[in-house]
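Heads up: the structure comes next, in structure tokens.
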Amino acid sequence: MVLIIDTETTGLSGYPKDRVLEIGIAELTDDGEVKRAYSEIIRYPDIEEFDRKYVNLDGSEWIWIYRNSDLRIEDTLDAAKDVEAVAAEVKEIVSGMEVTSYNVPFDFGKFLYHEPWNLKELCSIPYDIMELATKRVYSLAEDDLVQDKVLQERLLREREESYYPEKWVRSIDAYRALCPEDPMGLEGMRHRAIDDAVMEGWVLKTLV
């Protein structure tokens, strides 16, 4: 069994500038099922003032996730649990488990290894789903085996045009390439932490 964590955050800089706003945990069971295991929005009473002062890495103002999903400031203000309570529950869930994410350096390196989460000594991370998925998807694309040819063409073009030597495949593109049967039903997806964790669990299922 492997647990997959996804976080929605105030930004990309990581701790201590940024905060985890929402966390979702999916479970890939030993018999190959992908299940929702945990989902919480985190309460920050000062989030409105934080939002007014926030500047993203690209220079834009205000917290990105509130403008690009159905998560709202009101959800953060009205959430049942604060960050200490959520962190304590997450620690209990992951303790002694194999845990991963889609982009371990981001979710763990920038957030979950730091206060108040401190997960580094509690769980083991056997691999990064993003790293495994990128290799598999590009291998399929190069062999003309991605069913969605428009997606295949875009992925290869974006890699060729990328400034970076390694162009990582986004989780939703990896899902579309590796899970063309759409087992989770993307139509109802809201770009929230638990939805992303489940999607990444399906991706992982095709890779291990």
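Note that the structure is predicted; figures quoted are calculated from it, not measured.
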Does a side-chain heavy-atom distance below 4.5 Å link [X] with [Y]?
X: F50; Y: Y54; answer: yes
X: I42; Y: D82; answer: no
X: E200; Y: W202; answer: no
X: L21; Y: Y44; answer: yes
X: E115; Y: Y15; answer: yes

**OP:** Write out all pairs satisfying salt bridge (charged side-chain N to carboxylate O under 4.0 Å, His left out) with one or both partners inside residues 12-25, taking only residues at least two apart or from two chains.
**Re:**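 Only R19-D46, E22-R192 qualify under salt bridge (charged side-chain N to carboxylate O under 4.0 Å, His left out).
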
Salt-bridged, [X] to [Y], with N to O below 4.0 Å?
X: R36; Y: D195; value: yes
X: E131; Y: K135; value: yes
X: R170; Y: D173; value: yes

**OP:** Would you tell me whether Y102 and D107 have side-chain atoms, one donor and one acceptor, within less than 3.5 Å of each other?
**Re:**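 D107 and Y102 do not have a side-chain donor-acceptor pair below 3.5 Å.
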
Original post:
Under 3.5 Å, is there a donor-acceptor pair linking the side chains of N118 and E121?
Top reply: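 Not at all, the side chains of N118 and E121 share no donor-acceptor pair under 3.5 Å.
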
When you measure from the side chain of [X] to the backbone N and O of [Y], does any donor-acceptor pair fall under 3.5 Å?
X: S39; Y: I194; value: no
X: D75; Y: L71; value: no
X: R43; Y: D78; value: no

Contacts under 3.5 angstrom, residues 83-96 side chains, donor-acceptor by atom type, not counting sequence neighbours:
unit_1 : atom_1 : unit_2 : atom_2 : d
E89    : OE1    : Y38    : OH     : 2.5
E89    : OE1    : K81    : NZ     : 3.0
E89    : OE2    : K81    : NZ     : 2.9
K91    : NZ     : P116   : O      : 3.1

**OP:** Step through the shown structure and confirm whether more than 12 heavy atoms of other residues, nucleotides or ligands are within 6.0 Å of CD on E158.
**Re:**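 More than 12 heavy atoms, drawn from other residues, nucleotides or ligands, come within 6.0 Å of this atom.
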
Return a table of donor-acceptor pairs under 3.5 angstrom between the side chains of residues 137-146 and protein atoms on other chains or two or more places apart.
unit_1 : atom_1 : unit_2 : atom_2 : d
Y138   : OH     : K167   : O      : 2.9
E142   : OE2    : R159   : NH1    : 2.9
E142   : OE2    : R159   : NH2    : 2.9
D144   : OD1    : K149   : NZ     : 3.0
D144   : OD1    : Q152   : NE2    : 2.6

